[in-house]
Amino acid sequence: MTFFNSEITFFIHIYLFLILGYAILIMSSYLVLAYLSTKELREYLKKNSFVDYNVLLTSEFAPKLSLIAPAYNEGFTIEENIKSLLSLNYNNYDVIVVNDGSKDNSMEILIKTYDLFLTDINIHPKIKTKKIKGVYTSKNAAFKKLIVVDKENGGKADALNVGLNFAQHPYVVCIDVDCILDKDSLLKLAKPFLESHGKRIIATGGVVRIANQCVIKNGRLVEINIPDLLLPRIQVLEYLRAFLLGRMAWGRLDGLLLISGAFGAFDKEIAILAGGYSTKTVGEDMELVVRMRRYMLENKIPYSISYIPDPLCWTEAPEDFKIFKKQRSRWMRGTIETLSLHKKMFLNPKYKILGMLSVPYWTLFEFLAPAIEFIGIVITILFFVCGLIHWHFFFLLLIFVYFFAVLFSVIALYSEERTYHKYPKQADFFKLLLAAFIEPVYFHPLAVYAAIIGYKEKIMGTKGWGEMTRKGFTKK
């Protein structure tokens, strides 16, 4: 009996050591990323503080861009969003809206609002897609930049591939049609393509912010507010952490695996050579970036990906748990599918920092983290109930993790306050600060649960995005 008890004690100690080790490892990685992000952000602001974007606006060398906006059942927001896209401060661009077989009144709104008519545009598609039902342009000269492609439903990746086929310019900007862009977003996104030195810039991405309860007028963001509802408010904090304290660091390391599907620019030639967007995954944005980088490395072509910390894009976040769960479970499925499709890169020195650092990091801390956390919580509670773990250790661990989570959110909030300061109202700052203390016990468990659902859906073979209902923006 004594031997049996000693074995149990030994395994409990090993388990606690592994859990503590994993917690320290993930927390340490977050702090390192935060340090690198802060350093990169400071250098970016210093470098760009005197940039006159009007020079780029009038320059004949400004890259020509095609904006691709896939739309599916976006009737609530599509009118304002297209107005936003057509009124950006940039000269050399057009807008390609791809209606992916919407079941709502999206097409009717577009035809009526923008005075569209059927036209014949001959293209030579380089990527196979679902059938095109019609191509529309506007009778109104004010909307001459707009092309609307109506197609059979095939999913977001298929719609983006249609956009790649129709794009006439060397660079494409792929966005979610439910987003509102900053008026200078294209100027800032295009700038890195002009600054490459010996390396081909194949993609650039920028910061995405939450637009819930912000006021939109004529496609412009005119008033920034913090959401009153707790779920989208905490997502404001989450996005600050992800973009200001995460992707800035990976951009500095040249190890970015993801440019948000909400807003990113790509070298069209490389995107097509890499095969376009994959319809085999719901994480098509991440998968394309990984595949483009893999293509460049395997063909030994010097390249880079640029990341811009400016808040360039504002999007609507889920306000109820049902929609939030669908979104996050889909994100997890997309992560699993991308890592699986490119498992050859894992710890493969041929793929340099991507293979040796980026892919292992995403595997350990993005893909496996929710499962490890869930299993760890279940086992710890079981040990605690059985009297195998002393209560003081259990609660000390919880307090340690809780305050680290709060600290990391506060660092992100501090970084925002010291840089872009997009939330100038003192009341908004305290709302976000309070949300930082609530998040670990409210939002984080929901996110872990949604990720577990994502595992289950992947095992069960669930396909597609699912319905993502929009409420629309506040208008003036």
Side-chain angles (χ1 to χ4, degrees), residues 53 65-90 93-99 106 109-110 113-114 142-143 145-146 148 156 160 163 172-190 204-229 232-233 235-236 238-240 242-244 259-265 285 308-319 323 327 416 420-424 428 468-476:
Y53 285 100
L65 308 172
S66 289
L67 273 66
I68 304 172
Y72 178 73
N73 293 348
E74 301 286 355
F76 278 114
T77 60
I78 199 164
E79 182 178 343
E80 288 289 339
N81 295 130
I82 301 306
K83 285 180 182 177
S84 171
L85 298 181
L86 292 172
S87 57
L88 297 171
N89 285 354
Y90 204 78
Y93 82 101
D94 55 27
V95 178
I96 304 169
V97 178
V98 184
N99 180 52
S106 294
I109 291 173
L110 288 172
T113 304
Y114 298 103
F143 307 131
K145 295 178 181 179
L146 179 63
V148 176
K156 185 180 178 182
L160 287 166
V172 294
V173 179
C174 300
I175 68 169
D176 285 346
V177 77
D178 65 309
C179 292
I180 296 293
L181 300 184
D182 179 82
K183 64 179 181 178
D184 293 328
S185 58
L186 292 187
L187 291 170
K188 295 175 180 179
L189 203 64
T204 63
V207 167
V208 178
R209 294 286 181 95
I210 300 299
N212 299 52
Q213 216 161 318
C214 295
V215 179
I216 310 298
K217 183 179 181 180
N218 296 323
R220 292 289 189 204
L221 185 73
V222 296
E223 184 180 323
I224 298 173
N225 297 309
I226 294 298
D228 285 334
L229 294 176
R233 188 191 306 174
Q235 289 174 79
V236 172
E238 182 192 31
Y239 275 50
L240 287 178
F243 287 97
L244 288 184
I259 286 178
S260 175
F263 187 54
D285 47 0
I308 301 163
D310 294 282
L312 303 180
C313 174
W314 297 76
T315 189
E316 184 181 357
E319 293 189 347
I323 302 300
Q327 181 195 62
E416 158 62 20
Y420 295 101
H421 195 51
K422 288 292 183 179
Y423 310 101
D428 286 347
M468 301 296 289
T469 306
R470 306 288 182 188
K471 292 190 176 182
F473 298 116
T474 304
K475 300 179 183 179
K476 262 190 177 179

- Query: Quick one: CD1 on Ile175 to CD1 on Ile180, what's the gap to the nearest 0.5 Å?
  - Reply: 9.0 Å
- Query: Would you say the side-chain atoms of Arg209 pair up with the backbone N or O of Trp314, donor to acceptor, closer than 3.5 Å?
  - Reply: no
- Is there a donor-acceptor pair closer than 3.5 Å between any side-chain N or O of Glu416 and the backbone N or O of His421? yes
- Item | Close side-chain approach of Val98 to Val177, heavy-atom, < 4.5 Å | no
- Message: Between Ser106 (side chain only) and Gly75 (backbone N and O only), is there a donor and an acceptor less than 3.5 Å apart?
- Response: yes
- Message: Are the side chains of Phe263 and Cys179 in contact, using a 4.5 Å heavy-atom criterion?
- Response: no
- Task: Taking all non-hydrogen atoms of both residues into account, name the closest pair between Gly163 and Ile68 and its distance.
- Result: C-CD1, 3.4 Å
- All heavy atoms of Tyr90 vs all of Ala190, minimum pair found to be OH-CB, 3.6 Å
- Note on the structure: Smallest heavy-atom separation, Ile78 atom then Leu110 atom, equals CD1-CD1, 3.7 Å
- Item | Minimal non-hydrogen separation, Ser66 against Ile96, with atom names | CB-CD1, 4.3 Å
- Note on the structure: dist Gln213:CD -> Asp428:CG (nearest 0.5 Å) comes out at 9.5 Å
- Task: Measure across Asn89 and Arg220 and return the closest heavy-atom pair with its distance rounded to 0.1 Å.
- Result: OD1-NH2, 4.3 Å
- Query: Rounded to the nearest 0.5 Å, how far does OH of Tyr239 lie from OG of Ser260?
  - Reply: 7.0 Å
- Message: Rounded at 0.5 Å granularity, tell me how far OH in Tyr420 sits from CG in Asp310.
- Response: 3.5 Å
- Item | Reported CG-to-CD distance for the pair Asn212 and Glu319, which is rounded to 0.5 angstrom | 4.5 Å
- Message: Quick check: do Leu221 and Asp182 have side-chain heavy atoms less than 4.5 Å from each other?
- Response: no
- Message: Please find the pair of heavy atoms, one from Lys145 and one from Asp94, that lie closest to each other, and give the distance.
- Response: O-CB, 3.3 Å
- Query: Less than 4.5 Å apart, any side-chain heavy atom of Asp176 and any of Lys156?
  - Reply: yes
- If you measure only the distance, is there a donor-acceptor pair under 3.5 Å linking the side chains of Asn81 and Glu74? no
- Query: Sub-3.5 Å donor-acceptor pair from the side chain of Tyr93 to the main-chain atoms of Leu85, do we have one?
  - Reply: yes
- Give a yes or no on whether the backbone of Glu79 and the side-chain of Tyr114 come within a donor-acceptor separation of less than 3.5 Å. yes
- Student check: side-chain heavy atoms of Leu88 and Leu67 closer than 4.5 Å: yes
- Item | Pairwise distance CG(Leu160) to CG(Asp285) - rounded to 0.5 angstrom | 9.0 Å
- Message: Do Val215 and Lys217 have side chains that approach each other closer than 4.5 Å (heavy atoms only, starting at C-beta)?
- Response: no
- Query: Is it true that atom NZ of Lys183 has more than 12 heavy atoms of other residues, nucleotides or ligands lying nearer than 6.0 Å?
  - Reply: no
